[in-house]
Amino acid sequence: MEAKNIKVAGFGGQGVMMFGQILAYSATKDEINGLWFPSYGPETRGGTANCSVIVSDKQINSPVFKNADHLVAFNAPSLEKFKDHVAKNGLILYNSSLIEDEFSQDGSTVVGVPINDIATELGNDKVANMVMMGAYLELTHLFSDETIEAIIKKFLGERKAHLLDVNKKAIQSGKDFVKKLGVKYA
Amino acid sequence: MAKVLMKGNEAIALAAIKGGVDAFYGYPITPQNEVPEYLSKHLLANGKVFLQAESEVSAINMVYGAAGAGKRVMTSSSSPGIALKQEGISYITAAELPCLIVSVMRGGPGLGSIQPSQGDYYQATRGGGNGDYHLIVFAPESIQETIDTIKESFDIADYYRNPVMVLVDGLIGQMMESVDFDRPKKERFVPEKDWATNGTKNHPGRRNIANSLYLDPAELEQHNIKLHQKYEVIKKNETKFELIDFDNPEYVIVAYGTMARICRSAIEMLKNEGIEVGMIRPITLFPYPEKAFEQIPENVKGILTCELSMGQMLDDVLIANNGKHKVGFFGRAGGMLPDPEEIVGAIKNFNERVVK
Amino acid sequence: MWEVKYEKSQGLTDSKLSYCPGCAHGIIHKLVAESLVELGILDRSIAIASVGCSVFSYQFFNCDAQQAPHGRACALATGVKRVLPDNIVFTYQGDGDLASIGIAETIHAANRGENITVIFINNAIYGMTGGQMAPTSLIGQKTTTSQDGRTQKNHGNPIKISEMFATIEGVAYLERVAAYDPKHVLNAKKAIKKAFQYQMENRGFTMVEVVSTCPVNWGMKPVDAMKWSKEAMEPVYPLGVFKDKGRE
Ligand SMILES: Cc1ncc(C[n+]2csc(CCOP(=O)(O)OP(=O)(O)O)c2C)c(N)n1
Ligand code: SF4
Ligand SMILES: [Mg+2]
């Protein structure tokens, strides 16, 4: 697998950091290399949150990249901020619940997913990020269901173990949404 | 053991535990807080010592005390906090006590920022404490290398009876990477601490004193000479560096830590464009790998020093180069991180970068 | 016709306060600013910002200001006041800044009777750095560096600054106040104003300790944080005047 540079961005509280970490944990579990780094400090207080993830089966060199292969934007300011930093033939996945105008960009595959609406339908607003995860995995095929499920289990811990089902459903819903759209990326 | 994904600061803490740390004394400061937070939980649970001091001045002197008592002891901090530790560091080197000091650099001077920086190269290698002294300074480029270094650092400190500093930037502290804690550690001879101030019942007939006072100038000079000789041995034995793509480089980059990793990607990009660039990556900053510069081919067009500062290691590059090649500089500061493309640009426009 | 219901104090700049929602730092800023305006001393005041969440207070108080290294605010204030005795000089410090790293500077400024005013915000935690234990954290309080709760054996007891400073000769006025309800906020304002008044009268060192909150790092909603400062903190840090030379 070629190294993938991934940018994940949104408001604090949307599960952006967790989304990124799940990818890095999954890479580690699959015995390839994962790297995650957050924007940190006061800039994250109440405002926007973003993180960079790199997954690769080779040694990861620069933790910093100019252009992302994949941009996952959870809100409009994030899409605005990072859309010009997407590599050629890159993937842009955005939250169409919060970004109403349809977005497209030359040279990129762009997919909008109404993650908040789907999560609300599932009865748990908090799993919107896992709807996004499902859509992302359906498009990139980076990690298997088993890998992701194992990592999510770890995140939930014993205290929130009962939420595994709704998280799995959220992932499946994200996948189904993309399948229905019929978009292919990787 | 399989690899695990871990945050740099927590990895520093766990590696110190694997390295046998007995006690940690520190004071909160971003971006290294996860080091004490992790240790507060895990050291106390294992009957070891963790103490949040009232200040960095106090913390480093607690380190002095515990090191003098013969224990494996560490502290960690970030730029303004390391500044406050300089007094204690000078005393600890003078009294020839081993310890580990982790420095997670942020933007400066003053309160600066909390974003990654390499603005404390001088602070680490030149010191702000008084007198003729050196720390053994390691500057790992990844969390894995940080772990491997920290695991070994107590052995090195104990062997030379000198503090080891592990110098990273806030990015290494804050990011997460897949790492392996069970890589084999170099076997080293670790002498008995028969100098420890642990009570004469442990060494009858001899009083052990931890001290830095030598009022008689002749005696102090002897002490200075002894320390100097020790630093010469450290230079001979511990100098560490990596040469990257050194087959037939047109240019040579010199960079350490996070900056070296960014440069690795730049070197690959340049190679794809047919421009061969090599890199000297100092792993120890003291001792500085001057020897590596002897291996630079005669015909290189120049040496580009890259740092997350306005140019500090540049001094050591100029000393090591000794006027032989053109030396250029590329730096970002204040917590700004360049992407590899910027380094590519700097190599392509090397002539605009020349400082000497 | 319309009337102004709420007017921002002239003592504060137009910068948006950087404090988390429901944090008492914001309230106390307002009280200090109003006091400076009401006493007519804003244009000769010099604020000394410390290091903590209030590090940006130099942007908020509408007067000249200096930003001190962590813990050193009282030393800077001394430096300023000694060369500008006719100006009003005050520090604004958290518990980590004042009671931990800066305790020496603070005690000695008090002992010299420096004619300055210290606004001391006791929220029993290190807010800025993300919730580590403070010298004022309560026994049993869970913080990121006392994850099983503070113990007397490991960390000592919470340090009582007002009680301790009451023994210092150079202190002219010292009161501990709270900010958890309107009545107490009013009283806090009175205390702060009085401290500045005393400085204007050259009486010596004045300090107001405010039992404050940190909803974010306490992991509480703002209302619950106000409640905790009343129910858990106040018994350890009783309110009242600890010293008043004007009354002696
Ligand atoms: C020399 C030095 N050490 C440590 C720090 C990191 N630091 C910044 S704020 C702070 C503590 C703040 O706590 P407090 O004074 O209680 O203020 P609060 O944020 O709670 O209002 C620390 C330790 C620093 N900036 N400088
Ligand atoms: S971290 Fe705590 S003290 Fe700081 S602004 Fe937020 S609530 Fe207030
Ligand atoms: Mg505080």
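This structure is a prediction, so every number in the text was calculated from the model and none was measured. Throughout, a chain's letter reflects where its sequence line sits, starting with A, and its residues are numbered from 1.
Between the side chains of A:N95 and A:N116, at least one donor-acceptor pair of N or O atoms lies under 3.5 Å.
A distance of 6.0 Å or more separates the ring centres of A:Y94 and A:F74.
In this structure, the portion of A:Q59 lying under 4.5 Å from any heavy atom of chain B is its side chain and not its backbone. Within the 4.5 angstrom heavy-atom criterion, atoms from both the backbone and the side chain of A:Y25 approach chain B. There is no contact between B:E342 and chain A, counting heavy-atom distances below 4.5 Å.
Of all the listed residues (B:L337, B:L171, B:I143), the one sharing the greatest number of non-hydrogen pairs under 4.5 Å with chain A is B:L171. When each of A:N33, A:L35, A:I54, A:I60 is scored by its heavy-atom pairs under 4.5 Å with chain B, the top score falls to A:L35.
In this structure, B:D339 and A:F65 have side chains that are not in contact, with every pair of non-hydrogen atoms separated by 4.5 Å or more. Under the 4.5 Å side-chain criterion, counting only non-hydrogen atoms from C-beta, B:V254 is in contact with B:M313.
With respect to B:E341 and A:K66, no salt bridge is recorded, no charged nitrogen being found less than 4.0 Å from a carboxylate O.
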